[in-house]
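Just so it is clear, the values below take in all heavy atoms, side chains as well, and ignore hydrogens, waters and symmetry mates. The first residue in the sequence is number 1, and the count goes up from there.
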Amino acid sequence: MKYLIPSSGRSDTIKKVFNILGKKNVLVYVHESEKNDYLKEVDENNLKTHKVFGIGAIRKFMLDDNRDENYLFMLDDDITGFEYKYTTKLSMIVDPDHIERIVYNAYQPAYDLETPLFGFISSLGPMFYNQLNPVYFSGFVNIGLGIIPEFLGDINFDPRFTCLHEDHDIYLQTKYHKRFIFMDGRYSIRQRKAWLTMGGCSKLRNNENMKICKDLLVNKWGRNICTPSTKKEGQFILKVPF
């Protein structure tokens, strides 16, 4: 297993990720122009470079670069820990060994079910969690993407998504080709407010690029699948009938 982390413009904060995940299975991917900045903070064994542009192309590069792994887990470079939900309270987890067990325990049933995508439910708080129904076979996997390469077939990240919706797209590909994913609703992944911090995809997220990605997702899957949200610009309500 490998944790794969795309990063840009955050060499000064990337050490916080290693405090949470440890070092033994972590690969940070940066554009080759930023390599020297990151080498000041990241061991060379934990650093990989690329020459591609946009988050869809970067995720595709990372996936194709690790096809020989039994499973991968992609994380953002601004995570603050895993969160365990139980009725009316939350418990933050920042221990690398504990987090590795959480990811493995989601990978194993996904492998047994032969679906290539697994992850965790995103929720606003513990009251949105139903502890009598902790497992899901449909739903949007975000922030952390677990991937089992041997089951992917033709499924892959679309490099045309430069700044967002690449995760929506690979979820929809998986639902279309495999009919289900595996999601463990007991956990979610916490991160800093990435849209408001420097680095990452924030420098690509302008109105023009966001509209291009939004239109691409709608045109690719249709409005009966991707209904634009009336509450938040650039977000979707996914209505997947398969």
Side-chain angles (χ1 to χ4, degrees), residues 1-5 17 20-22 25-26 59 69-76 78-152 155 165-194 225-227 229 231-232 235-242:
M1 187 273 282
K2 285 288 190 297
Y3 296 111
L4 307 181
I5 302 172
V17 173
I20 296 167
L21 299 178
N25 295 319
V26 179
R59 289 194 188 277
E69 294 290 331
N70 54 352
Y71 66 102
L72 320 167
F73 201 74
M74 295 186 181
L75 288 160
D76 290 350
D78 55 0
I79 64 167
T80 58
F82 277 54
E83 181 180 82
Y84 177 65
K85 296 184 285 293
Y86 188 82
T87 56
T88 58
K89 66 180 181 180
L90 303 174
S91 176
M92 285 296 293
I93 301 166
V94 294
D95 175 67
D97 291 334
H98 193 171
I99 290 172
E100 185 176 353
R101 292 196 301 271
I102 291 169
V103 175
Y104 175 81
N105 286 338
Y107 152 73
Q108 190 61 64
Y111 181 84
D112 292 341
L113 293 166
E114 298 188 4
T115 183
L117 195 67
F118 65 93
F120 306 96
I121 291 288
S122 176
S123 72
L124 299 177
M127 296 306 293
F128 290 86
Y129 167 63
N130 179 359
Q131 68 188 58
L132 297 180
N133 186 28
V135 173
Y136 304 82
F137 300 102
S138 185
F140 174 44
V141 177
N142 66 342
I143 303 178
L145 288 169
I147 299 172
I148 306 175
E150 71 173 282
F151 298 143
L152 280 171
I155 297 169
H165 298 320
E166 85 291 345
D167 42 9
H168 283 98
D169 178 66
I170 199 168
Y171 158 77
L172 289 167
Q173 290 182 60
T174 303
K175 286 287 289 184
Y176 181 81
H177 291 288
K178 302 294 184 177
R179 298 297 188 264
F180 60 88
I181 61 176
F182 179 80
M183 302 181 72
D184 185 345
R186 298 172 300 168
Y187 299 94
S188 58
I189 302 168
R190 306 300 293 176
Q191 64 182 150
R192 299 191 301 277
K193 293 182 179 180
I225 301 295
C226 302
T227 304
S229 172
K231 296 181 180 179
K232 293 186 177 181
Q235 293 192 7
F236 290 90
I237 301 169
L238 297 181
K239 298 179 179 179
V240 185
F242 42 77

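Legend: salt bridge (charged side-chain N to carboxylate O under 4.0 Å, His left out) pairs involving residues 93-122, not counting sequence neighbours, sorted by first then second residue: Lys24-Glu100.
Atom CZ of Arg59 sits about 11.5 Å away from atom CG of Leu72, to the nearest 0.5 Å. Rounding to the nearest 0.5 angstrom, the gap separating the NZ atom in Lys239 from the OG1 atom in Thr227 is 4.0 Å. In this structure, Met1 CE and Tyr107 OH are separated by 10.5 Å, a value rounded to the nearest 0.5 Å. Interatomic distance, Gln108 CD to Leu113 CG, rounded to the nearest 0.5 Å: 10.0 Å. Going from atom CD1 of Ile237 over to atom CD1 of Ile225 covers 13.5 Å, rounded to the nearest 0.5 Å. Atom CD1 of Ile79 is separated from atom CD of Gln191 by 9.0 Å, given to the nearest 0.5 angstrom.
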Next item on the list: Test side-chain contact (heavy atoms from CB on, under 4.5 Å) on Thr80 and Arg192 and set out the steps.
Entry: CA-CA 7 Å; Thr80 58; Arg192 299 191 301 277; 3.8 Å; yes

Next item on the list: Show your reasoning for whether side-chain contact (heavy atoms from CB on, under 4.5 Å) applies to Val141 and Asp167.
Entry: CA-CA 7 Å; Val141 177; Asp167 42 9; over 6 Å; no

Checklist line | Criterion side-chain contact (heavy atoms from CB on, under 4.5 Å) on Ile121 and Tyr187, from CA distance to verdict | finding: CA-CA 7 Å; Ile121 291 288; Tyr187 299 94; over 6 Å; no

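No side-chain heavy atom of Ile148 sits less than 4.5 Å from a side-chain heavy atom of Asn70. No side-chain heavy atom of Pro96 sits less than 4.5 Å from a side-chain heavy atom of Tyr3. Side-chain atoms of Leu21 and Leu75, non-hydrogen and from C-beta on, do get closer than 4.5 Å to each other. Inter-residue side-chain proximity for Phe140 and His168 is flagged as met; some heavy-atom pair is nearer than 4.5 Å. Looking at Thr115 and Phe137, their side chains never come closer than 4.5 Å, going by heavy atoms from C-beta outward. For the pair Leu172/Cys226, a side-chain contact is recorded, criterion being any heavy-atom separation below 4.5 Å from C-beta on.
A donor atom on one side chain and an acceptor atom on the other are found under 3.5 Å apart for Ser188 and Glu83.
With ring centers used as reference points, Tyr111 lies 6.0 Å or more from Phe118.
When all heavy atoms of Ile5 and Val17 are compared, the pair lying nearest together is CD1-CG1, 3.3 Å. Here the closest heavy-atom approach between residue Ile147 and residue Leu152 is recorded as CG2-CD1, 3.8 Å. For the pair Gly146 and Phe73, the tightest heavy-atom approach, listed with the atom from each and the gap, is CA-CD1, 3.4 Å. Of all the heavy atoms in Pro134 and Leu132, the pair that sits closest is CD-C, 3.6 Å. Pairing each heavy atom of Gly139 with each of Tyr171, the nearest pair is O-CE1, 2.7 Å.
Applying the side-chain contact (heavy atoms from CB on, under 4.5 Å) criterion to Ser91, with sequence neighbours excluded, gives Tyr84. Checked against side-chain contact (heavy atoms from CB on, under 4.5 Å), Asp169 has the following partners two or more places apart in sequence or in another chain: Asp158, Phe161, Gln173, Leu217, Lys220, Trp221. Contacts of Asn133 classified as side-chain contact (heavy atoms from CB on, under 4.5 Å), with partners at least two apart in sequence or in another chain: Asn130, Tyr136. For Asn105, there are no side-chain contact (heavy atoms from CB on, under 4.5 Å) partners at least two apart in sequence or on another chain.
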Indicate every side-chain donor-acceptor pair of residues 179-186 with a distance under 3.5 Å to a residue at least two apart or in another chain.
{"unit_1": "Arg179", "atom_1": "NH1", "unit_2": "Tyr176", "atom_2": "O", "d": "2.1"}
{"unit_1": "Asp184", "atom_1": "OD1", "unit_2": "Arg186", "atom_2": "N", "d": "3.0"}
{"unit_1": "Asp184", "atom_1": "OD1", "unit_2": "Arg186", "atom_2": "NE", "d": "3.0"}
{"unit_1": "Asp184", "atom_1": "OD2", "unit_2": "Arg186", "atom_2": "NE", "d": "3.3"}
{"unit_1": "Asp184", "atom_1": "OD2", "unit_2": "Arg186", "atom_2": "NH2", "d": "2.8"}

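Distance alone, capped at 3.5 Å, is enough to place a donor-acceptor pair between the Lys178 side chain and the Phe151 backbone.
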